[in-house]
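Everything on this sheet refers to the single structure shown next.
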Amino acid sequence: MDPRRRVPRTDAVLADARLVAAAATLGAGQVKAAVTAAQDRARRGEITPEAVADSAVAALPGLCASLRPVINATGVVLHTNLGRAPLSAAAVDALVAAAGHTDVELDLATGRRARRGRGTIQALRAAVPEAAAVHVVNNGAAALVLAATALAAGREIVVSRGELVEIGDGFRLPDLLESTGARLREVGTTNRSALADYAAAVGPDTGFVLKVHPSNFVISGFTASVPVADLATLGVPVVVDIGSGLLAADPLLPGEPDAASTLRAGAALVTASGDKLLGGPQAGLLLGDAELVERLRRHPLARALRVDKLTLAALEATLRGPRSPTWAALRADPATLRVRVKELCRVLGDLDAEIVASAAVVGGGGAPGLELDSWALSLPERLAAPLRSGDPPVVGRIERGRLLLDPRCVPAELDAVLASAVRRAATCT
């Protein structure tokens with residue numbers, strides 16, 4: 001008999017207990033598609049008819065969504081392509097708790113409408129007491145767009161030429177600001193700007209003076225920039241985009257601007273991201289003068305940029321809860337990392353594995369130029385592709401023809417998983 005005639009019927013395969021359970025979590029559509037694909041493989045002779053159910057089960061994803069958890073062994077703490085900051089356990093728990101019906105805009109005591117995200121706002125105010133008021137939008141660029149729209153649409157924004165940066169995926173700050181209807185008044189040169197440059201440009205049509213922390217690059221040598229404290233003497237609001245979301249000064253990052261210090265220096269408004277050095281979910285933070293923040297909060301555009309309940313919950317838990325994984329990764333002890341890599345090297349020594357010194361970086365536009373002493377497992381470059389396509393995917397970096405796996409951002413409890421992934425990848429090459 002033609003073996004293709006023995007391919008089981010769809011309803012018979014779907015009755016398999018494993019596929020019935022999978023349909024409850026992945027949806028009937030995905031499960032049926034996996035069964036159909038397995039039946040086609042059997043008709044082509046790639047598998048036996050008896051293996052159709054097993055093949056369908058093996059092909060099913062672990063989650064209903066397409067995003068896959070990845071082991072970040074790049075040595076880049078805030079890797080934009082890998083989602084920047086991983087959430088703390090407290091933030092994940094808060095996010096799950098908020099997934100159902102919540103009191104996001106309801107006062108349970110009175111039964112009336114309440115301020116959206118009031119707990120998150122209180123937590124952010126407590127974290128940055130220098131801010132008279134705060135507001136949260138859906139990302140850092142949105143925070144700056146809201147400020148430009150509410151304070152300078154049809155007016156001028158005075159900004160140094162050396163701070164007109166390009167951010168990720170080709171988006172440029174001048175284009176972003178001009179899309180709000182504001183006009184840019186550039187001052188100074190690429191490498192040097194003086195207070196007199198700003199003073200000459202400020203006039204009745206000035207919406208605000210903007211100072212931007214350069215992202216992903218450092219200009220060194222014959223340079224000059226104007227401190228916030230000096231800009232604050234010009235008689236117009238000073239808006240400072242600190243970018244990476246550092247709320248208070250950190251000795252580990254001495255050159256990184258922080259919200260508290262910037263506000264003390266005289267900034268009227270600070271904008272920042274929530275998913276970088278703060279270690280929380282993607283969000284845009286607005287902190288500063290109460291009247292300005294209220295103008296932004298009540299602007300019609302604020303509605304389009306508001307965050308959902310999941311972001312509010314995760315952000316509040318990040319602010320109130322224990323130290324984030326980002327904080328821990330930045331402070332990982334190089335000696336401890338060396339011990340972990342040495343053990344990985346011992347376990348995988350037959351695969352041409354070596355231990356090498358590594359230089360990790362902050363990433364995500366934070367602390368450009370700063371390197372963090374680290375250690376990495378050096379492997380043949382040919383393992384990079386099978387590791388990325390494995391389960392779980394492992395992403396490292398290539399240097400001088402070798403694949404480096406830096407465990408700085410890898411929880412120690414995943415070292416055995418990492419070793420197993422490397423060994424499986426080696427069998428594929």
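Any value given below was found using the heavy atoms of this structure, including those in side chains, with hydrogens, waters and symmetry copies removed. Remember, it's a predicted structure, so these values are computed and weren't measured experimentally.
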No-hydrogen, no-angle side-chain donor-acceptor test under 3.5 Å, Thr190 and Arg161: no
Arg298, CZ: over 12 other non-hydrogen atoms inside 6.0 angstrom: no
Student check: side-chain heavy atoms of Leu278 and Leu247 closer than 4.5 Å: yes
Worked verdict on Leu14 versus Val20 for side chain to side chain contact (heavy atoms under 4.5 Å, CB included): CA-CA 7 Å; Leu14 288 173; Val20 171; over 6 Å; no
Sidechain-backbone polar pair: Lys309 side chain, Val104 backbone, donor-acceptor under 3.5 Å: no
Distance-only polar pair, side chains of Ser160 and Ser193, donor-acceptor under 3.5 Å: yes
Electrostatic pair Arg340:Glu343 at N-O distance under 4.0 angstrom: no
Side chain to side chain contact (heavy atoms under 4.5 Å, CB included) evaluation trace for Leu387 with Val395: CA-CA 7 Å; Leu387 274 171; Val395 181; over 6 Å; no
Check against side chain to side chain contact (heavy atoms under 4.5 Å, CB included), Leu286 and Val137: CA-CA 8 Å; Leu286 291 143; Val137 291; 4.2 Å; yes
Considering all heavy atoms, the nearest Thr25-Cys64 contact: O-CB, 3.9 Å
Those residues that, when tested against Arg408, pass salt bridge (charged side-chain N to carboxylate O under 4.0 Å, His left out) (two or more places apart): none
Check ion pair Asp350-Arg423 (N to O, under 4.0 angstrom): yes
Partner residues of Thr74 under the side chain to side chain donor-acceptor pair (under 3.5 Å) criterion, sequence neighbours left out: Asn72
Pair Ser273, Gln282: side-chain N/O donor-acceptor within cut-off below 3.5 Å: no
Side-chain donor/acceptor of Glu178 to backbone N/O of Leu184, under 3.5 Å: no
Salt-bridge present (Asp175, Arg172; N to O < 4.0 Å): no
Side-chain donor or acceptor of Arg116 paired with backbone N/O of Val307 under 3.5 Å: yes
Distance in Å, Trp375 CH2 paired with Leu337 CG, rounded so as to fall on 0.5 Å steps: 10.5 Å
Arg320 (side chain) donor-acceptor with Thr120 (main chain) under 3.5 angstrom: no
Donor-acceptor pair, side chain of Glu316 and main chain of Leu312, under 3.5 angstrom: no
Distance-only donor-acceptor check, side chains Thr189 and Arg192, under 3.5 Å: no
Distance (rounded to the nearest 0.5 Å) between Asp241 CG and Thr262 OG1: 10.5 Å
Partner residues of Val145 under the side chain to side chain contact (heavy atoms under 4.5 Å, CB included) criterion, sequence neighbours left out: Thr149, Leu176, Thr180, Leu301
Asp197 side chain to Ala194 backbone, donor-acceptor under 3.5 Å: yes
Minimal non-hydrogen separation, Val228 against Ala267, with atom names: CG1-N, 3.7 Å
Test: Glu163 and Lys211 ion pair at under 4.0 Å: yes
Any donor-acceptor N or O pair under 3.5 Å, side chains Thr311, Arg306: no
For His135 against Leu146, the heavy-atom pair lying closest together: CD2-CD2, 4.3 Å
Sidechain-backbone polar pair: Ser55 side chain, Ala51 backbone, donor-acceptor under 3.5 Å: no
Gap separating the CZ atom of Arg118 from the CG atom of Asp107, nearest 0.5 angstrom: 6.0 Å
Where Pro334 and Asp373 come nearest, the two heavy atoms and their spacing: CG-O, 3.5 Å
Heavy-atom closest pair, residues Ile355 and Cys345: N-SG, 3.9 Å
Pair Ser374, Asp406: side-chain N/O donor-acceptor within cut-off below 3.5 Å: yes
Nearest non-hydrogen partners of Pro86 and Thr326, listed with the distance: CD-OG1, 3.9 Å
Donor-acceptor pair, side chain of Asp258 and main chain of Leu246, under 3.5 angstrom: no
Heavy-atom donor-acceptor pair, Arg125 side chain to Ala132 backbone, under 3.5 Å: yes
Presence of salt bridge, Asp54 and Arg18, under 4.0 angstrom: yes
Verdict with supporting geometry, Glu105 and Arg115, side chain to side chain contact (heavy atoms under 4.5 Å, CB included): CA-CA 6 Å; Glu105 286 187 19; Arg115 171 80 179 271; over 6 Å; no
Salt bridge flag under 4.0 Å for residues Asp352 and Arg402: yes
